[in-house]
Amino acid sequence: MNQTLEAVPQNWYLILSTLLFCIGVIGVLFRRNAIIILMCIELMLNSVNLLLVAFSAYAGNNDGQVFVFFIMVVAAAEVAVGLALLMSIYRNIASTDINVLNKLKW
Amino acid sequence: MMTIYILLLPLLASLIALAAGNKFASRLALFFSAAELLLTVYAYIIFTKEGYAPFAIQHAWISSPSISINMGVDGLSLLMVILTNLISPLIILSAFNRNIENASRYFALILFMQFAMLGVFISFDGLLYYIFWELALIPIYFIALNWGGKNRVAVTLKFFIYTLAGSLLMLVGFIYLYWKNPNHTFNWHELSALTNVCSCDQSWLFWLIFIAFAIKIPIVPFHTWQADTYSESPTQGTMLLSGIMLKMGIYSLFRWLLPIVPAGVAQWGPLALTLCIIGVVYASVIAIMQGDLKRLLAYSSLSHVGLIAAGVFVLNSSGMQGAAVQMLAHAINVVGLFYCADIIINRTGTSNLYLLGGIRNVAPRFNTLFMIVVLGSVALPLTNAFIGEFLLLFGVYTYNTWLAVFAGLTIILGAVYMLRMFQITMLGNTSEHTAQFNDLSINESIVLGTIAILIFVTGIYPKPIIELVQPTLEVILNKALIK
Amino acid sequence: MNNLLQDTALIFPALLIPLFPLIGFMVNGVFGKYLPKQITGWLASLAILGSFICAAYLFLNMNKGSNINIDMFEWISFAHIQIGFGFLIDPLTLIMLLVITGIGFLIHLYSISYMHEDEGFTRFFTYLNMFVFFMLLLVMGNNYLVMFIGWEGVGLCSYLLIGFWFKNNAYNNAAKKAFIMNRIGDLGFLLGMFFMLFYFGSLNYDVVANEAAKLGINNSLITITTILLFVGASGKSAQIPLYTWLPDAMAGPTPVSALIHAATMVTAGIYMIVRSNVLFALSPITLEVILIVGILTSVMAAIIGLLQNDIKKVLAYSTVSQLGLMFCALGMGAFSSGMFHVVTHAFFKALLFLGSGSVIHALHGEQDIRNMGGLAKYTKVTFYTFFIGSLAISGIFPFAGFFSKDEILAHAFQENIVVWIILTTSSLITAFYMFRLVYLTFFNEFRGTEDVKKHIHESPALMTIPLVVLTILSVIGGFMGLPEGLGFTHAFGNFLSEVTAPSLPYLKQHQHLSHATEIGLMIFAVVAALSMIVWARIKYVKNKELPAADESLTGLNKIISNKFYVDEFYNNIIVKPITVLSDLFLVLIDKLIIDLAVNATAWVVSATGKTLRLLQNGNTGFYVFAMVIGMIVLLLIRVIL
Amino acid sequence: MSTLLYTSLLGLCCMLAEVLNLRKLLVPLVIIGLSFIFWVNFQEWNTPSDLTIGPVSLANMVMFDHFSIAFSGLAIIIAILLFILSANYYSNEEKNLSDYLSILIFALVGALVMFSFANLAMLFLGIEILSISIYIMAGSRRFDKRSNESGFKYFLMGAFASGFLLFGIALVYGAAGSFEFSKITQYLNSSDIHPMFHTGVLLILFALLFKVSAVPFHFWSPDVYEGAPVLITAFMSTLVKVAAFGAIYRLFNTAFVGIIPFTEPILYAVIIATLFVSNAIALQQQNVKRMLAYSGISHAGYMLIAILSMINKTDDALYFYSVSYAIATIGLFALVISTFKSNMSEQFEAFNGLSKKNPFAAAAITIFLLSMAGIPPLAGFFGKYNLFSEAVSAGYINLVIIAVINSAISIYYYFKMILAMYTKPADEKPLVITGSYWTVAVICLLLTIIIGVVPDSLMQLLR
Amino acid sequence: MSFYLFVILSVLTLCSAFAVVLAKNPMYSVLSLIVCFFTVAGHYVLLNAQFLAIVHIIVYAGAIMVLFLFVVMLLNLNSETEPHKDNMLKVAAVITGGLLFVVLIASIKATELGTFSLPQKSNLGYVEEVGKKLFTDYLLPFEISSVLFLSAMIGSVVLAKKEK
């Protein structure tokens with residue numbers, strides 16, 4: 001589908017990804033539920049993936065695509081660890097609200 | 001090698017004293033400091049015969065940044081070494097018969113301090129010098145902290161941070177010079193011969209370096225740590241501080257300021273000089289109304305060292321030699337004064353002047369020696385301080401007549417506060433605090449007696465001191481003036 | 001060769017002169033407490049006697065024109081300047097030596113008896129010997145710095161002896177005041193030395209004189225130098241404005257007043273100026289200043305003396321007044337006349353003080369003349385000697401004071417008639433209050449308590465012998481200087497001419513007064529003085545007037561009696577401001593400004609920490625927010641830059 | 001290369017040890033293994049390691065030079081010292097011991113990767129391996145709410161920062177067209193650089209600054225340090241920090257060559273903010289771990305100076321500082337852990353009167369603190385000295401003056417601890433310091449002094 | 001054709017992303033995220049990364065999102081239990097995010113990127129090519145990521161296992 005590359009300027013992908021990234025960031029800032037925040041971080045990672053794939057396609061080398069694999073790997077590992085942490089927290093405080101997690105301060 | 005022996009003996013002694021346990025520490029410390037003094041005398045003899053050469057040590061230490069163990073003893077250094085090693089036994093002896101907790105640590109720290117200060121005086125490598133300079137701060141801090149008065153925690157911390165801040169700035173200045181030096185070393189001889197540091201740079205370098213010394217000396221307005229620290233430290237600590245440590249500052253003016261940034265000195269020296277002289281009068285005036293013995297002495301010392309520092313900045317041989325002579329004189333006198341204060345405070349339990357009085361009635365021997373020390377500090381002729389003050393005031397006079405008049409007020413004001421102090425503590429009728437005052441014990445007599453003898457000997461025949469430092473000071477003066 | 005031998009023969013005794021008192025001081029100072037009391041007193045006295053003998057030996061054996069100069073060692077040196085430590089003995093020194101050791105010895109003797117009950121007996125003699133030592137150093141030094149050693153040394157001894165009875169804080173304050181006022185003068189002296197050292201490169205008398213002469217007359221440099229030296233002299237010799245310490249100095253034991261505060265130390269200022277006569281002669285302005293100060297001091301002190309009721313205070317003000325007179329002489333360039341008066345004054349003032357000591361001794365410490373009276377019959381020797389002393393000070397022919405005073409007045413007459421009038425007045429006032437003193441003390445009935453009266457007794461021989469010797473000196477002392485104008489040879493002036501001669505070319509030269517004028521002046525002075533004495537007699541013996549109680553004084557009397565409130569004035573313009581300033585510095589500048597600045601730095605850091613710490617609120621959401629904002633800011637820095 | 005391999009294997013073995021029931025011997029074995037790896041690591045100092053697996057060359061992924069070997073050596077030493085501590089620390093949690101140890105060894109693998117990467121992918125993986133391991137360890141006290149909170153906060157913010165790291169990497173990739181360092185340098189040398197590249201670099205830098213906890217990315221560190229188990233706090237404050245600095249230096253030194261002037265104002269601002277904020281807040285702390293966290297932040301500020309003045313090749317200065325900082329911190333922690341334990345408190349009060357209870361421990365703590373404060377002639381002094389010297393040489397004298405002032409401020413909070421030890425009255429609770437803590441403390445003490453007195457060989461290592 | 005596809009997909013992506021952020025119920029967030037992932041996969045296909053698109057769906061939608069879903073349901077989260085920030089903070093969050101976007105774009109200065117020459121290899125995203133790359137150049141990261149997985153695995157077990 002080479003037409004995509006001709007039809008869509010690369011910058012659009014850049015802007016799209018950046019926008020997506022920023023939406024992820026907004027999500028992290030916006031929500032208090034730790035799970036949703038985790039999901040928003042996934043959103044950020046996805047925007048990066050999209051960007052990498054786009055660059056990869058436009059530049060004609062697939063390093064970016066390979067890199068996406070690693071990001072996926074890491075994302076999966078992070079999610080596993082993160083959710084495990086979340087579970088153990090939930091056991092203790094029965095909440096996923098990050099505002100409750102403020103015993104450590106000052 | 002001589003230099004190394006002189007340097008390391010106190011360190012060794014410090015470790016031995018630490019290991020010796022509380023019982024023997026004091027005697028061992030005294031023994032070693034006496035041995036050190038003998039060694040110094042020997043060194044003096046060699047120096048008069050063979051000069052600088054046998055003392056120079058140049059040994060690689062760190063290759064890059066290039067820092068070497070570059071030590072030596074020239075006339076000025078030797079004077080400072082003599083000063084240190086002369087005062088140290090007195091300080092140690094003065095701690096005898098005092099009930100000191102953890103004596104072994106106490107004496108070990110004093111000896112360690114001696115070691116560090118000797119290092120300052122004999123280092124000819126900037127960074128080595130700096131290391132010793134900082135190192136000297138640690139023992140005195142702990143001496144004051146562990147054996148000090150009620151307020152010691154806050155006061156000593158202020159002292160420590162204050163002085164450290166200053167010296168760190170000096171370090172920055174040194175580093176800058178290091179890079180300016182084409183050979184990239186801290187070697188004093190090279191740094192003092194640099195020609196590529198423009199006066200614009202020297203202008204701020206001067207302040208970076210000067211502030212460190214100004215805090216240590218201290219020069220008004222960098223002095224506010226002083227009175228508190230002096231009055232909170234244990235006596236030996238105060239003696240170390242006032243007797244030797246502040247001389248580090250003045251010595252450093254000679255060694256590490258004048259020849260290193262001569263253009264900076266030319267630009268800012270007058271201001272520094274003015275500060276010094278303002279300090280002389282300022283501190284004297286404050287001392288006049290002080291009601292606390294140690295604080296009074298602290299301000300008096302502030303006034304005296306202000307004049308000494310002024311002698312450095314007048315940049316003439318009279319002033320500089322006066323400063324050198326007066327460093328020794330002031331060390332002897334101020335140690336004597338603080339020791340007398342200690343004796344009084346120790347026996348009466350108070351340093352409040354207004355609770356004292358009439359000690360002369362019950363302790364004539366103490367009175368005589370105290371009187372001599374007081375006379376020494378008011379610079380009566382035939383005492384050591386007179387020579388110094390004469391040369392200093394003449395130096396200032398040579399620089400500027402009006403400054404000399406102003407600085408000369410010290411001989412009036414000095415008499416005012418010293419005699420006032422003497423009168424209030426010693427004369428009149430005894431108070432309830434002083435009625436049971438015992439006269440001096442043997443070790444106290446020895447310390448004060450030695451000090452009294454030193455006061456007269458150096459006052460009547462100061463020529464050896466002057467001759468000792470003259471060549472070095474000429475060199476420094478030339479370096480400070482030529483560029 | 002011969003010369004050399006002779007020199008060694010002279011150098012040795014010359015060196016012994018200061019050595020004896022030094023040894024006496026050291027032996028008494030170190031071992032005094034192990035020796036019996038009397039021995040220490042005698043030891044001290046003998047030391048001075050030894051010095052006196054040596055001085056006399058020198059006086060007899062020294063050839064005219066051959067001074068003894070002994071360079072002992074190099075003392076202070078820097079750059080090209082070297083200041084040695086050495087002695088110079090010339091006629092001026094010799095005169096001073098004889099006066100110091102001679103009168104010193106007599107006073108030592110007197111003190112053995114006077115002080116015998118005092119617990120500080122040994123200490124007293126130790127100090128006295130030390131004083132003599134420093135005084136000798138002062139006059140023997142061959143440069144200004146050695147003089148300065150003695151100068152400050154005698155100041156110290158004065159301090160120690162004024163505060164001899166150290167339990168009394170009033171005495172201690174007096175001692176401190178003396179020392180500090182002297183120090184003020186010393187600063188002037190020191191600065192004067194700096195000028196000499198800087199411009200002449202030396203402090204040796206001869207070098208300074210030679211170099212100064214090269215600069216010529218009326219050079220401002222010399223004027224400044226001499227003014228500064230004069231400040232030093234006025235401190236030591238109690239001239240306006242630095243005279244207030246001397247009356248207070250009477251707190252010391254009476255022999256001390258006699259020796260230090262009358263005969264020797266206070267004349268050091270005059271000695272110094274005579275020593276630097278070339279310098280002073282080169283500066284007419286300074287001489288004017290000295291003259292004015294001398295006149296003012298002389299008159300003012302005399303006036304204050306009129307209303308003093310403490311026997312020693314009267315003598316003290318009279319001393320100040322006489323010193324003023326001497327300075328007038330110097331101010332007129334009559335250096336040898338000044339010196340002459342120094343010597344005669346030493347005789348009769350020492351006599352008067354010792355006499356007063358004897359009176360006080362007899363009355364067990366009573367010093368207020370209102371409580372005395374009629375002592376003539378109880379203490380004959382004291383009375384007669386004191387009476388002769390008073391005649392001498394009043395300038396009655398043929399006693400010592402007459403000649404020296406007359407010489408000065410004659411100079412004044414030549415110089416300026418106004419000066420002469422003032423000085424004569426002052427001298428008449430002197431005659432009046434001296435005899436007021438004599439009459440109130442020795443005549444009429446005793447006014448003290450019965451208890452005291454019972455114990456009145458003449459002093460022992462050891463005290464009266466010095467009185468007698470001094471009386472003899474007061475009588476014949478004047479013949480050293482018979483006026484030249486009347487065809488006599490002025491022995492004193494001749495002897496001193498070697499010292500004063502170099503300054504002659506720079507001084508105004510007056511024609512000699514005619515014999516008639518001179519004699520007329522003399523007669524006038526004597527008659528006037530006698531009339532003053534008579535008036536005093538009428539007032540105090542015949543009419544039995546008594547000085548009023550201090551509280552009842554009013555108007556001018558009150559002001560005079562309170563010494564013109566000078567002390568209060570000084571207190572208000574110097575002492576109090578310094579006290580205030582001291583607190584101001586400490587509280588305002590030290591604590592409030594400097595320390596506050598230091599502490600404020602710490603406080604600001606700490607407060608910043610406290611505030612910033614609140615950001616660390618434990619809320620992850622906030623942290624993320626902060627991070628993002630931080631990134632935005634940092635990126636903005638990049639975008640903008 | 002073999003270092004990486006062996007360490008990974010050691011981690012695996014450690015896991016297996018659980019199965020083989022070797023718990024008792026586990027710690028000694030791990031230490032022996034690490035010591036061996038340390039030896040192996042320096043074997044490659046002069047002999048370039050074989051970078052092939054079969055026919056595949058790894059040269060564009062990793063690069064083992066002196067820098068990476070030296071830093072790897074440091075990381076291994078840190079790990080060894082901390083593992084010695086762990087024997088006692090985890091003595092009542094034997095069940096999980098092998099898990100914990102293997103996770104920590106994997107963290108070490110991550111650190112090793114961060115020293116030797118030659119490709120942004122490796123960088124990313126290294127960071128993530130290290131971070132994820134530490135997230136886990138920070139939260140490893142499952143029933144301790146503070147530990148939970150600590151772990152989760154770290155995780156959440158770490159993942160968030162990773163997002164920025166990746167976005168930056170993507171932008172760099174987009175501009176340079178590759179993740180390989182050689183290609184990136186080629187790109188930097190060849191043509192005019194697209195602004196996207198710079199933005200990418202900055203975003204990567206931010207993520208790394210987050211790892212070293214520089215202001216304004218520092219917020220996690222005090223909380224996490226405080227909540228995490230002490231041993232892990234020690235791990236974070238030493239290994240993680242050193243690894244992150246190694247990575248930053250390597251990245252900017254070998255990949256983004258010449259980009260430092262571009263980041264100058266940002267680094268400048270960050271350094272100043274870091275120094276002031278950390279020191280100012282540290283003054284207010286009552287909790288020792290938090291204080292150490294802030295002190296760690298300020299040390300990060302100093303170390304960033306080395307990055308800023310990189311045109312001078314400051315790796316030796318950075319290395320020296322890392323070494324001195326790490327040994328002082330570990331030594332401190334060794335003694336602090338015991339004190340915490342015996343007092344059941346992590347406040348300054350726990351140290352009251354320590355000089356009377358145990359003068360040697362007090363003296364050792366004092367020396368560690370003095371070294372951190374940069375008092376000569378301890379190791380920390382030369383660490384600071386080198387940094388300042390390089391910065392002055394690079395022309396950042398104003399910055400150095402600011403750093404120096406902060407150095408003076410830092411005295412205050414270091415001395416707070418010293419004051420507690422020397423001036424406060426002692427309480428009754430005895431202080432028990434077991435063998436392994438002593439061992440580590442003494443080793444660190446000796447190193448601190450020896451490196452201070454004869455710093456030359458260490459300084460020359462990277463020259 | 002592909003342009004319109006791009007636009008549609010992009011809009012979908014962004015809308016679903018916003019839905020993730022804004023949804024009251026966590027469950028809806030999860031579902032929107034899944035939608036978002038599918039649209040991103042669509043972009044991959046557009047960009048010739050077919051293999052990656054598949055993997056993406058498998059890993060994200062199939063594994064990760066299931067995990068999320070699982071947890072959300074396990075913890076029984078719903079819109080009632082959902083904590084919300086103040087509106088102020090929400091506005092601030094949006095503004096901050098917007099600012100970040102602006103700053104990022106500004107610093108990227110999104111001008112035309114370097115030209116690329118067509119035709120590109122269209123098989124770039126095939127399994128073959130990607131696999132080749134992964135097992136040659138990227139062999140080491142591939143191996144190393146196993147360490148990551150190991151660590152994460154042990155960690156998850158340690159953290160989540162129920163004990164005591």
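Here is the naming used below: chain letters follow the sequence lines, and residue numbers restart at 1 for every chain. Please read all numbers here as calculations on a predicted model, not as lab measurements.
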**Item:** Selection from C:T579, C:L197, C:L190 maximising heavy-atom pairs under 4.5 Å formed with chain B
**Value:** C:L197
**Request:** Flag the pair C:F73 / B:I460 as yes when at least one side-chain heavy-atom distance between them is below 4.5 Å, and no otherwise.
**Result:** yes
**Asked** Any cation-pi pair here, B:R295 with B:Y230, using under 6.0 Å and within 45°?
**Response** no
**Under 4.5 Å from a heavy atom of chain B, the part of C:L160 involved** = side chain
**Asked** Relative to chain B, which of C:L586, C:I76, C:L191, C:D590 shows the most heavy atom pairs under 4.5 Å?
**Response** C:D590
**chain C contact via B:L375 - side chain, backbone, both or neither, heavy atoms under 4.5 Å** = side chain
**Request:** Evaluate salt bridge (charged side-chain N to carboxylate O under 4.0 Å, His left out) for C:D567 paired with C:K177, printing each intermediate quantity in order.
**Result:** CA-CA 11 Å; C:D567 276 322; C:K177 183 175 176 186; 2.7 Å; yes
**Prompt:** Picking from B:I288, B:T368, B:L393, which has the most non-hydrogen pairs under 4.5 angstrom with chain C?
**Reply:** B:L393
**Prompt:** What class does the angle between the rings of B:F370 and B:F366 fall in, given that below 30° is parallel, 30 to 60° is tilted and above 60° is perpendicular?
**Reply:** parallel
**Request:** Using a strict 4.0 Å threshold on nitrogen-to-oxygen distance, state whether C:D595 and B:K158 make a salt bridge.
**Result:** yes
**Request:** Identify which part of B:R365 has an atom lying under 4.5 Å from any heavy atom of chain C, answering side chain, backbone, both or neither.
**Result:** neither
**Prompt:** Can you list the steps and then say if C:F195 with C:F200 is a ring-ring contact (aromatic ring centres under 6.0 Å, His included)?
**Reply:** CA-CA 8 Å; C:F195 270 91; C:F200 306 146; 9.5 Å; no
**Message:** Which atoms of C:L156 are under 4.5 Å from chain B, going by heavy atoms: the side chain, the backbone, both sets, or neither?
**Reply:** side chain
**Asked** Are side-chain N/O atoms of C:W245 and C:N182 paired as donor and acceptor at under 3.5 Å?
**Response** no
**Request:** Pick one of side chain, backbone, both or neither for B:T401, based on which atoms fall under 4.5 Å of a heavy atom in chain C.
**Result:** side chain
**Prompt:** Is the closest side-chain donor-acceptor distance between C:N204 and C:N142 under 3.5 Å?
**Reply:** no
**Residues from residues 419-429 of chain B approaching chain C under 4.5 Å (heavy atoms)** = B:L419, B:R420, B:F422, B:Q423, B:L427, B:G428, B:N429
**Asked** What distance do B:L409 atom CG and C:I184 atom CD1 have between them, rounded to the nearest 0.5 Å?
**Response** 9.5 Å
**Message:** Less than 4.5 Å to any heavy atom of chain B: does that hold for the side chain of C:M193, its backbone, both, or neither?
**Reply:** side chain
**Asked** Any idea which of B:Y397, B:Y162, B:Y461, B:F222 has the most non-hydrogen atom pairs under 4.5 angstrom with chain C?
**Response** B:Y397
**Item:** Contact origin within B:M320 toward chain C - heavy atom pairs under 4.5 Å
**Value:** neither
**Asked** Any idea how C:W165 and C:Y171 line up, ring-wise: parallel (<30°), tilted (30 to 60°), or perpendicular (>60°)?
**Response** tilted
**Prompt:** Would you call C:F179 and C:S158 a side-chain contact if the rule is heavy atoms closer than 4.5 Å?
**Reply:** no
**Fill in**
When rounded to the nearest 0.5 Å, the distance separating CG of C:L581 from NZ of C:K576 is 15.5 Å
**Request:** Let me know if C:K33 has heavy atoms under 4.5 Å from chain B in its side chain, its backbone, both or neither.
**Result:** neither
**Asked** Is it the side chain or the backbone of C:I81 that comes within 4.5 Å of chain B heavy atoms, both, or neither?
**Response** side chain
**Message:** Please rank B:Q470, B:M289, B:R360 by heavy-atom pairs under 4.5 Å with chain C and give me the top one.
**Reply:** B:R360
**Prompt:** So does B:K294 pair up with B:E232, basic N to acidic O under 4.0 Å?
**Reply:** no
**Message:** Please classify the contact between B:V325 and chain C as side chain, backbone, both or neither, with a heavy-atom cut-off of under 4.5 Å.
**Reply:** neither
